[in-house]
Amino acid sequence: MIRILYFSTARANLTRADVDAIASHASEANLKRGITGSLAYNGRNFCQCLEGEEGQIRALIETIRKDDRHSGFKVLDEKTVQSRYFKDWGLRLVDDLDFSYVINAMSADSRDREPVS
Ligand SMILES: Cc1cc2nc3c(=O)[nH]c(=O)nc-3n(C[C@H](O)[C@H](O)[C@H](O)COP(=O)(O)O)c2cc1C
């Protein structure tokens, strides 16, 4: 299983409702593919952490990379993991100004539990 983190910039005219729609569609689709993760949005940029079986994650990352609702897509980090951090979330949408929530998830191990707010 791998966990991956990327950063991108939302298309200028993207609304909060658009972001909500992306997240709710993605959440269901991810669970069907055994993918879990979180999408952080600060009103301008996205930072997303995804985890799952390597082939599924690489295929999804290529789909997301080509999505014209954002640009400047850049993978920041990726690693092999033994267990999930976002156990119950197909895709948790978080409002996060500095992206610390998803960035910290990259270094989580199996002893850590995802904080519930
Ligand atoms: C910032 C961002 C994050 C996204 N995250 C996901 C995701 O985690 N899972 C997903 O299935 N689609 C995600 N999408 C949407 C995909 O790019 C694509 O539109 C979608 O997978 C197509 O789904 P469909 O084949 O059901 O139409 C994201 C899009 C954006 C702009």
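Order of appearance sets the numbers: ligands from 1, and atoms from 1 within every ligand. No experiment lies behind these values; they were computed from the predicted model shown.
Neither the backbone nor the side chain of Lys66 comes within contact range of ligand 1; no heavy atom lies under 4.0 Å. With a 4.0 Å cut-off on non-hydrogen atoms, Ile35 does not touch ligand 1 at all. Contact annotation: for Ile22 versus ligand 1, heavy atoms closer than 4.0 Å belong to the side chain alone.
Asn104 is linked by a side-chain contact (heavy atoms from CB on, under 4.5 Å) to Ser100, counting only residues two or more places apart in sequence or in another chain.
Note that atom 5 (N) of ligand 1 has protein non-hydrogen atoms nearby, at separations under 4.0 angstrom.
Closest non-hydrogen pair, Gln48 versus Leu39, comes out as CB-CD1, 3.7 Å. Scanning all heavy atoms of the two residues, the minimum distance from Phe99 to Asn45 falls at CZ-O, 3.5 Å. In terms of heavy-atom proximity, Ala26 sits nearest to Leu91 at CB-CD2, 3.7 Å. The shortest non-hydrogen separation linking Ser38 to Arg92 is OG-O, 2.8 Å. Closest of all the heavy-atom pairs between Arg33 and Gln56 is CD-OE1, 3.5 Å. The shortest non-hydrogen separation linking Phe86 to Glu51 is N-OE2, 2.7 Å.
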Candidate pair Asp96 and Asn42, rule side-chain contact (heavy atoms from CB on, under 4.5 Å), full reasoning: CA-CA 5 Å; Asp96 193 352; Asn42 66 7; over 6 Å; no
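Residue Leu50 approaches ligand 1 through these ligand atoms, each under 4.0 Å from one of its heavy atoms: 8 (O). Counting atoms of ligand 1 from 1 in the listed order, those under 4.0 Å from a heavy atom of Ala29 are 11 (O). Listed by atom number, the atoms of ligand 1 under 4.0 Å from Ala26 heavy atoms are 6 (C), 7 (C), 8 (O), 9 (N), 10 (C), 12 (N), 13 (C). Within ligand 1, the atoms closer than 4.0 Å to a non-hydrogen atom of Arg69 are 15 (C), 19 (O), numbered from 1 in the order shown. Ligand 1 places these atoms under 4.0 Å from at least one heavy atom of Tyr6: 1 (C), 2 (C), 3 (C).
The nearest heavy-atom contact from the protein to atom 9 (N) of ligand 1 is Asn30 OD1, 2.7 Å.
Any N or O atom pair closer than 3.5 Å counts here, and Ser8 shares no such pair with ligand 1.
The option from His25, His70, Arg11 that lies nearest to atom 27 (O) of ligand 1, judged by heavy atoms, is His25. Proximity annotation for atom 14 (N) of ligand 1: of Asp68, Ile64, Leu93, Ile64 comes nearest, heavy atoms only. Counting only non-hydrogen atoms, the option in Thr63, Asp67, Leu14 that gets closest to atom 15 (C) of ligand 1 is Asp67.
With a 6.0 Å radius and a threshold of 12 heavy atoms from other residues, nucleotides or ligands, Glu62 has its CD atom above the threshold. Other residues, nucleotides and ligands place no more than 12 heavy atoms under 6.0 Å from the CZ atom of Arg44.
The closest approach between Arg33 and ligand 1 falls below 4.0 Å for a heavy atom of the residue.
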